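In this text the structure is predicted, and so the values were computed from the model without any measurement.
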Amino acid sequence: MSDKTSASPSTETEPAFGAAATGGPETAADRPAEGGGTAGGTGGARGTVQVSPGVYKRLTTGLGGFTLAMAASLALVGVIYLITPRSDEEVLPKVDYSTQLWAMRSDAPYTVYAPEGLPATWRPTSSRMHGLGGDGPVAWHLGFLTPSEEYAALEQSNEKPAAYVPRMTNIKKSIGTQQVNDVAWAKHHREDKNARSLVRTLPGGPTLVVTGTASFEELAVLAGALKAQPKQSGAPIPAQTGS
């Protein structure tokens, strides 16, 4: 009785089709034996290509495995993006301008004005001084984000008003006056730049310009909160507070 032998997995990468491999007629030796399996786990039926275990591993763990890994990673990133809280609003920094105010009160050649009693909804976002300690004009800029999320700033300087006011308001001519706490402020409006301004020049003092994209009503709130700050000398520098 002859022994039935099983076809062992091929150690070559080419197909186990006799006719295709040799170009001659298919013989019994070319046909896979019954029960023989491929490295891919399929039966030895005609039409199935047998490959070595190494080739099978590369086929199943190569590009296909990489694609699955990338898809899983992208899915994880998408889930994290969806569940992470986000805000589209731009967050502006809140500044503590007490040190700049202290410096201006100590060394400015004029009586400085600063807001007092503004509502907490007015957020100070910038403070800059120019010329302190020099021979030229001294200026202080103090910027705010208003309750309506518009921009408003206090600009003050002892520079000559004829040059300072047009530069701060972006326009030379006023369009009238507005009463703020029984004091007349000149109104300036530059429509193409969406800029509105209230201007007051103090005799022997600085020129005050309240300007920005805020409405005249909001600018009047800032102008009405301005108070003269008495000169000081020898006072300690105030401690900075967090935003």
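With sequence neighbours excluded, the residues forming a side chain to side chain contact (heavy atoms under 4.5 Å, CB included) with Glu116 are Lys227, Gln229, listed by chain and number. In this structure, the side chain to side chain contact (heavy atoms under 4.5 Å, CB included) partners of Thr146, at least two apart in sequence or on a different chain, are Trp122, Ser148, Glu150, Ala152, Ala214, Glu218. Considering only residues two or more places apart in sequence or on other chains, Pro115 meets the side chain to side chain contact (heavy atoms under 4.5 Å, CB included) condition with Tyr97, Leu118, Leu142, Phe144, Leu154, Leu222, Ala225, Leu226. Under the side-chain hydrogen bond (donor to acceptor under 3.5 Å, both in side chains) criterion, Ser157 pairs with no residue, sequence neighbours left out. Taking Pro230 as the reference, Arg105 meet the side chain to side chain contact (heavy atoms under 4.5 Å, CB included) condition, with sequence neighbours excluded.
Remark: side-chain polar atoms of Asp96 are paired, donor with acceptor, to backbone N or O of Ser98 under 3.5 angstrom. No donor-acceptor pair under 3.5 Å is formed between the side chain of Arg200 and the backbone N or O of Thr207. With hydrogens and angles ignored, the 3.5 Å screen pairs no side-chain donor or acceptor of Lys193 with any backbone N or O of Thr213. In this structure, the side chain of Thr211 engages the main chain of Arg196 through a donor-acceptor pair within 3.5 Å.
Met168 has its side chain out of reach of Ser197: every pair of non-hydrogen atoms, C-beta onward, lies at least 4.5 Å apart. Counting heavy atoms from C-beta on, the side chains of Val209 and His188 never come closer than 4.5 Å.
There is a path of hydrophobic side-chain contacts, each under 4.5 Å, that joins Trp140 to Leu219. Hydrophobic clustering, with ILVMFWY side chains joined whenever heavy atoms are under 4.5 angstrom apart, groups Val180 together with Tyr113. Cluster annotation: Tyr110 and Leu101 are assigned to the same hydrophobic cluster (Ile/Leu/Val/Met/Phe/Trp/Tyr, side-chain heavy-atom contacts under 4.5 Å, transitive).
The aromatic rings of His189 and Phe216 lie perpendicular to each other, with more than 60° between the two planes, well past the 30° mark.
Residues Ala228 and Thr111 come closest through the heavy atom pair CB-CG2, 3.9 Å.
Among residue pairs with one or both ends in residues 163-180, those qualifying as side-chain hydrogen bond (donor to acceptor under 3.5 Å, both in side chains) are Glu159-Arg167; sequence neighbours excluded.
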